[in-house]
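The structure appears below as structure tokens.
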Amino acid sequence: MSTNLMNQWESVIGLEIHAQLATASKIFSGASTAYGAEPNTQACAVDLGMPGVLPVLNREAVRMAIRFGVAIDAVIDHQSIFARKNYFYPDLPKGYQISQFEHPIVGKGHIGISPAEGEHREIGITRAHLEEDAGKSTHDQFPEQSGIDLNRAGTPLLEIVSEPDMRSAKEAVAYARKIHSLVRYLEICDGNMQEGSFRCDANVSIRRKDDDRLGTRAELKNINSFRFLERAINYEIERQIDLVEDGGTVVQETRLYDSERDETRSMRSKEEANDYRYFPDPDLLPVAISDEDIAQIRAALPELPEQKKQRYIDDLGLSDYNAEQLTANRDTAVYFEAAYAEGDSAAAAQLANWILGDLAGALNKAGLDIVDSPISSPMLVQLVARIADNTISGKIAKQVFDAMWQGEGGADEIIETRGLRQITDSGAIETLIDEVIAANPDQVEQFRAGKEKVLGFFVGQVMNQSRGKANPGQVNTILRDKLK
Amino acid sequence: MPMTVTEIRQGLAAGEFSSSEITRDYLARIAQHNPTLNCFISVTEALALDQARQADARLAQGKAGLLTGVPIAHKDLFCTDGVRTSCGSRILDNFVAPYDATVVERFRQTGAVMLGKTNMDEFAMGSSNENSHYGNVANPWKTTHVPGGSSGGSAAAVAAGLAAAATGTDTGGSIRQPAALCGVTGIKPTYGRVSRYGMIAFGSSLDQGGPFARSAADCALLLQAMAGFDGRDSTSSETDVPDYSASLEQGVEGLRIGLPKEYFAEGLDSRLAGVIDTAIDELRKLGADISEISLPNTGLSIPTYYVIAMAEASSNLSRFDGVRFGHRCANPVDLEDLYKRSRGEGFGEEVKRRILIGTYALSAGYYDAYYLKAQQLRRMIKDDFQKAFDSVDLILGPTTPEVAFAIGAKTDDPVSMYLQDIYTISLNLAGLPGMSLPAGFVDGLPVGIQLIANYFDEARLLQTAHQYQQVSDWHLQTPEAFS
């Protein structure tokens, strides 16, 4: 498709994110929420939907939802109501899901995203509501039969619904990452996408650029990584544009993303969609939330990414970009702050560069999270300190970093055992320089004839001779002096 | 003549008989009469004898609780650990509950002996006990007639002396109506007074458990055992439970009793009206101050009730899907077939009718017109009562418009069946407590009067009923065949 054609269209995207709340027990029963237990060992009578059982609300789930609401500056009503969403499915034990319909716990809010360096967009959040998760059906374990595991049934979820405010897959991913970062900062969700603790559904539609009405949307499901989110949305946008360009119309439907084929496929259309027959759950009283409850939760909020970022810029003098990158992931910020607390305050920028540069690169290559980094923050502090006190040069520091990564020990240890200490004795440097000048009379001539860039050749030769250990600043000064 | 719970407690305490002896007596009576009456779905003989032995040991140690050694029966809608809990339905015919309902647990803890599980309309849907998978129950006063419903088995068992007392549940009159039709005393407490945990739900915002017994004094003892906050039921109330027996002897001198004119209007059998007038005269003689009141929205209660109860039921009954427990059809070809045939075979006609109506009332496009409208009317009905309680302490009227009818007489006319609940259902909508007590006979069949009190004022209901029962003996009469 030509770029020209693409340019006539605008895509409109909204996300529904299901964040599993990190409570110890389920939202309406006392059963554990731990992941990975033997099937049906973490499902009590309430989770099994036994006749006569009743739900009792886990107040911790409510507090976690309010934490989220406060963090996105949302409206939080004094009364919140649970409703039944009725449909039949084998992994939905009661034949209804306890969810919220009218009066969700979190009302309208918003969050800022930076889809690219220097860009900023506010994305509206329509609502966030509490609900229980369903169980899991498995179709590959028993021949001719399906298996049902109800361990997950009743796990608390916060469904976060955005406004259709995003205009590209990139923005949608930036928004999803931002929410992911936020729920982890708030410690209300572990954010594990592989285990399904953080799931994204995307509503995607297209319209002509001059049109302000919304087009018919398709809902994309089964997306379990940010990479797939971007690919699924991009595939869907192209599919819809192709369809309409060819004279077709988009139908409202649910489509599954197939990551192996990188395409979306129709799952069910609106005609087949359920009438969920929502009504207030008579087994649960409306949840009363007082202003004091909200104030208490607000007072106990941790420093949020936006505040942290601003503090890094204002107090630590970091660049906007570095501050953004360091705070995007809570674990990175924790790592940085641990290092910063131990180090010299002047080292903030150095630490940021190492964390976002070499360390991030190495972690990414190894597929590791920063919490599993073989180089701990005190180790990185030591490395940066050795550069600052001229024990080693920046170039040697990379060698030391690699050695630390390989598990050879701390910076000091590696510098000693490998003999990497920088040569700062001018006498020793002069000796090296004299040797190099003597060995390269032609280049000396060239320099003296005014060819300035030959200086670089001499510096390189001297550094080589010192195996990188000579202090580059001193080498420069002395060289210029001797070549005059 | 069968003993009251009060008499059994005295006899046990005095050592006149043991719990094992009377339990065997009751089991023998059940064996003799249940084939005629069909009150019991399950008789738990071994369990009963075991519990009786334990009760006797407790009595011997002087550690008796409120009801230690008293043989009772539970409506087969309360879950009982290790015992079939059928709810009167084929779909739960094979269901053995894995836990005790809070009510069952409390009776167990106080040392009551469970004789068995009583028959009922399927899922408590019915006013005649003709909707049971286990067959209809016969009225002990005339076995060709219905005992009322849905707790017909419990009411008939107490009336015939097959249990000293029994539990029931009341969603629209399911305790009070069969109590009236069988000539026993029954109380539906305030919504939230008795835990619903382990009670298989029909209409969750209306359901409330309560006891049947031979007197108000007995009901006071049973309610004492049942009532109180339960952390497992979010709608259960934390309001303190008073000592119901302690206030029974307070007189009714000066008690303001209101008679809703709408309850004495067209539809009430005039012979019943005469019986009720006589009871009113008795109360007046005891010093009660009787006046007429109005509950103007009474006529709206039946349509309001049926929308709400059926809407809730349609959702509550979704869990019976043949997947985890209960009836599953043979050889399902796919998931839809599994659902359709398991539910189609498992549920009876009335249950299916109510699921369909409830599903319709909640459907997109109809929700506002039915469910939401019904909720508005429910508030108006509630307000009627609150206004009435500004000027009176109690409300009195008939429990039912007529006495027990013949088995089969209304089975083809569901609306006429629903009208049986005209005087009882508005209390469930309002969440108020009410009770029915025997006040006489018409055609040899018992007539009940209904007392209605304000929220959590069960003590006043019991006390007034008790005072009436001190000057009458309708409640102690037993059908000849069972005396």
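Since the model is a prediction, treat every value here as computed from it, not as a measurement.
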Problem - Side chain A:R217, main chain A:V12, donor-acceptor under 3.5 Å - result: no

Exercise for the section: Examine B:Y99 together with B:Y197 and report whether their ring centres are nearer than 6.0 Å. Expected result: yes

Practice task
For each of A:L54, A:D281, A:V56, tally heavy-atom pairs with chain B at distances under 4.5 Å, and name the one with the top tally.
Solution key: A:L54

Fill in the blank from the handout: Cut-off 4.5 Å, heavy atoms of chain B, and the answer for A:Y87 is neither

Problem - Under 4.5 Å from any heavy atom of chain A - which part of B:Y366 - result: neither

Practice task
May I ask you to check whether A:F101 and A:Y276 place their ring centres under 6.0 Å from each other?
Solution key: no

Exercise for the section: Indicate yes or no: does B:E350 engage B:R353 in a salt bridge with an N to O separation below 4.0 Å. Expected result: yes

Practice task
Examine whether an atom of B:A311 lies under 4.5 Å from a heavy atom of chain A, and if so say whether it belongs to the side chain, the backbone or both; otherwise answer neither.
Solution key: backbone

Problem - Top contributor to chain A contacts, counting heavy-atom pairs under 4.5 Å, from B:V323, B:T85, B:N316, B:D321 - result: B:N316

Handout entry: Partner chain A: residue of B:S204, B:G203, B:A201 with the largest heavy-atom pair count (under 4.5 Å)
Key = B:S204

Exercise for the section: Starting at OG of B:S132, measure out to CD1 of B:I41 and round the result to the nearest 0.5 Å. Expected result: 4.5 Å

Practice task
Specify which of A:N86, A:I148, A:L150 makes the most heavy-atom pairs with chain B at under 4.5 Å.
Solution key: A:N86

Practice task
Please say which of B:F456, B:Y455, B:F229 ends up in a side chain to side chain contact (heavy atoms under 4.5 Å, CB included) with B:S237.
Solution key: B:F456

Practice task
Please flag which part of B:A364 lies under 4.5 Å from any non-hydrogen atom of chain A: side chain, backbone, both or neither.
Solution key: both

Practice task
Count the heavy atoms of every other residue, nucleotide or ligand shown that sit under 6.0 Å from CD of B:Q376, and state whether that count exceeds 12.
Solution key: yes

Exercise for the section: Anything in residues 282-292 of chain A with a heavy-atom distance to chain B below 4.5 Å? Please list those residues in order. Expected result: A:P282, A:D283, A:L284, A:L285

Exercise for the section: Examine whether an atom of B:Y191 lies under 4.5 Å from a heavy atom of chain A, and if so say whether it belongs to the side chain, the backbone or both; otherwise answer neither. Expected result: side chain

Handout entry: A:K136 vs A:D91, salt bridge (charged side-chain N to carboxylate O under 4.0 Å, His left out): CA-CA, chis, key distance, verdict
Key = CA-CA 6 Å; A:K136 270 184 199 158; A:D91 59 24; over 6 Å; no

Exercise for the section: May I ask you to check whether B:F347 and B:F123 place their ring centers less than 6.0 Å from one another? Expected result: yes

Practice task
Return the minimal non-hydrogen interatomic distance between B:I175 and B:G209, and the atom names on each side.
Solution key: CD1-C, 4.1 Å

Fill in the blank from the handout: Ranking A:Y96, A:F88, A:Y89 by heavy-atom pairs under 4.5 Å to chain B gives rank one to A:F88

Exercise for the section: Find out whether the Lys NZ or Arg CZ of B:K75 is both under 6.0 angstrom from the six-membered ring centre of B:F78 and within 45° of the ring's axis. Expected result: no

